[in-house]
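Comments concern the structure below.
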Amino acid sequence: MENKDYADVIGSPFTPYITSLAAQYGLATNYFANAHPSIGNYFMVTTGKIVTNDSAFSGAVADDNLVRRFLASGKTWTVFAEGLPTVGYLDDNAYPYVKRHDPFAYFTDVRGNAAQASNIVPYNQAQFAAALAARTLPQFVYILPNQHSNMHDCLPNNPSCTQDDKLAYGDNWLQQNLTPILADSEFQQSGLLILTFDEASVQDSTHGGGRIMTIIISAHSKRAFQSNTFYQHQSALRLICDEMRLSSCPGAGSTAPRMSEFFN
């Protein structure tokens, strides 16, 4: 999700679903983004580096990254991006999809490999639910809402919407799309879902990107748990590496504080 302060989300009357998840599962209360604007945070959680703070960046990223680690460890992965026009789309002309929120589309491991590029696919709730039921999902899934669903922009039919409108729309989107995942029997046995924001509002630059909400949801995570430990996106990266049993973790993910306190 996009550009919201912790205090804007947790406990807000416009985000009842997120607040309910925070009450049920593991809530990181002292979690901070790494940078403003968005793009550096997306790279941090996938490469362990900010890489760039240029939202218009159009180059290729050769730094170590999750795709490289997945391939080295024999793990499968897919990006499900809402609004993506075609499978393997690597350009940036398909709003409300925006490439700067899809770090996988920049990696040389993907751009130079048609088979890996085919792992970036359009997100459709019904098709995703069917894949979930059929047990055809990969081991790692990255779900990217579009610019309306992620609380960033107003809907076209309401261009002067308020922040509360954005919160309510995004919260409803999460409820509609996450509820089937959390109810799935396989997820309830062995799944892990990390729900986070890229950065806080631009008014908060504490620790680089401001205080944001992150929730850890798993059958093995502590219930109604709150952590005051200081974390940033490199710890979410390390959590992914740990839980995916990767042979190594990219960049700052290799030394970031572990989020093991969230689990029984």
Side-chain angles (χ1 to χ4, degrees), residues 1-2 17-18 21 24-25 42 45-46 65-91 94-99 101-107 109-111 113-151 169-198 214-221 236-237 239-246:
M1 307 300 282
E2 275 277 315
Y17 181 67
I18 291 177
L21 293 178
Q24 294 178 67
Y25 297 102
Y42 285 95
V45 83
T46 52
N65 60 77
L66 279 177
V67 171
R68 195 171 300 172
R69 296 298 97 217
F70 291 154
L71 293 175
S73 301
K75 306 295 184 181
T76 56
W77 67 279
T78 297
V79 169
F80 290 91
E82 188 181 28
L84 194 78
T86 58
V87 172
Y89 182 80
L90 300 176
D91 295 321
Y95 182 87
Y97 164 83
V98 291
K99 182 179 177 179
H101 299 164
D102 182 2
F104 298 86
Y106 296 90
F107 299 152
D109 311 74
V110 174
R111 300 191 65 83
N113 187 321
Q116 295 307 310
S118 69
N119 290 325
I120 299 179
V121 305
Y123 177 76
N124 174 282
Q125 183 182 4
Q127 292 175 351
F128 186 91
L132 179 67
R135 301 291 180 247
T136 58
L137 288 175
Q139 292 161 296
F140 174 85
V141 167
Y142 177 86
I143 299 177
L144 176 63
N146 69 27
Q147 286 289 82
H148 307 308
S149 305
N150 65 12
M151 302 183 181
Y169 187 85
D171 189 70
N172 183 68
W173 190 94
L174 286 172
Q175 183 170 18
Q176 294 299 316
N177 288 272
L178 296 189
T179 297
I181 299 174
L182 303 191
D184 179 75
S185 60
E186 189 172 85
F187 178 87
Q188 291 179 353
Q189 290 180 356
S190 60
L192 167 67
L193 188 145
I194 304 170
L195 174 60
T196 191
F197 283 73
D198 64 332
T214 297
I215 301 174
I216 306 300
I217 302 171
S218 168
H220 305 288
S221 60
L237 173 58
L239 177 57
I240 294 167
C241 293
D242 288 347
E243 295 306 304
M244 292 288 289
R245 305 293 191 265
L246 301 184

Go through the steps for Thr46 and Arg69 under the test side-chain contact (heavy atoms from CB on, under 4.5 Å), then give the verdict.
-> CA-CA 10 Å; Thr46 52; Arg69 296 298 97 217; over 6 Å; no
Carefully, step by step, assess Asp102 and Tyr97 under the rule side chain to side chain donor-acceptor pair (under 3.5 Å).
-> CA-CA 9 Å; Asp102 182 2; Tyr97 164 83; 2.9 Å; yes
Passes side chain to side chain donor-acceptor pair (under 3.5 Å), His148 versus Glu82? Steps please.
-> CA-CA 10 Å; His148 307 308; Glu82 188 181 28; over 6 Å; no
Kindly determine whether Tyr42 and Tyr142 satisfy side-chain contact (heavy atoms from CB on, under 4.5 Å), including the steps that lead there.
-> CA-CA 11 Å; Tyr42 285 95; Tyr142 177 86; 3.1 Å; yes
Evaluate side chain to side chain donor-acceptor pair (under 3.5 Å) for Tyr106 paired with Asn65, printing each intermediate quantity in order.
-> CA-CA 10 Å; Tyr106 296 90; Asn65 60 77; over 6 Å; no
Check the pair Gln127, Val121 against side-chain contact (heavy atoms from CB on, under 4.5 Å), reporting the backbone distance first and the verdict last.
-> CA-CA 11 Å; Gln127 292 175 351; Val121 305; over 6 Å; no
Decide yes or no on side-chain contact (heavy atoms from CB on, under 4.5 Å) for Thr78 and Leu137, but give the supporting numbers first.
-> CA-CA 8 Å; Thr78 297; Leu137 288 175; over 6 Å; no
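Within the 4.5 Å cutoff, the side chain of Met1 has no heavy atoms near those of the Ile18 side chain. Contact annotation: the side chain of Leu144 never approaches that of Leu84 to less than 4.5 Å [non-hydrogen atoms, C-beta and beyond]. No side-chain heavy atom of Gln116 sits less than 4.5 Å from a side-chain heavy atom of Asp109. You'll find the side chain of Ile120 reaches within 4.5 Å of the side chain of Phe104, heavy atoms only. Counting heavy atoms from C-beta on, the side chains of Pro122 and Thr86 never come closer than 4.5 Å. Using a 4.5 Å cut-off on side-chain heavy atoms (C-beta onward), Trp173 and Met151 make no contact.
Between Phe128 and Phe80, the ring planes lie perpendicular to each other; the angle is over 60°, past the 30° to 60° tilted range.
Between the Gln125 side chain and the Gln176 main chain, a donor and an acceptor come within less than 3.5 Å of each other. Judged by distance alone, with hydrogens and angles left aside, the side-chain atoms of Ser218 form a donor-acceptor pair with the main-chain N or O of Gly191 at under 3.5 Å. The closest donor-acceptor contact from the side chain of His220 to the backbone of Gln189 lies under 3.5 Å.
In this structure, CG on Asp184 lies 12.5 Å from OG1 on Thr179, to the nearest 0.5 angstrom. Here CG of Leu21 is found 4.5 Å from CD1 of Ile217. Values are rounded to the nearest 0.5 Å. Ser221 OG to Ile194 CD1: the interatomic distance, rounded to the nearest 0.5 Å, is 11.0 Å. Distance check, rounded to the nearest 0.5 Å: CG of Leu192 to CD1 of Ile240 gives 8.0 Å. Taken from SG in Cys241 to NZ in Lys75, the straight-line distance is 11.5 Å, to the nearest 0.5 Å. With rounding to the nearest 0.5 angstrom, the CG atom of Leu193 is 9.5 Å from the OH atom of Tyr25.
Between Phe187 and Ile181, the shortest heavy-atom distance links the atoms CB-O, 3.3 Å. Of all non-hydrogen atoms in Glu2 and Asp198, the two that sit nearest each other are OE2-OD2, 2.6 Å. The two residues Leu90 and Ala117 make their nearest non-hydrogen contact at CD1-CB, 4.3 Å. Met244 approaches Phe70 most closely through the heavy-atom pair CE-CE2, 3.8 Å. Summarising the geometry of Leu132 relative to Pro180, their closest heavy-atom pair is CD2-O, 3.7 Å, with the distance given to 0.1 Å. Contact between Gln188 and Ala219 at its shortest, heavy atoms only, is O-CB, 2.6 Å.
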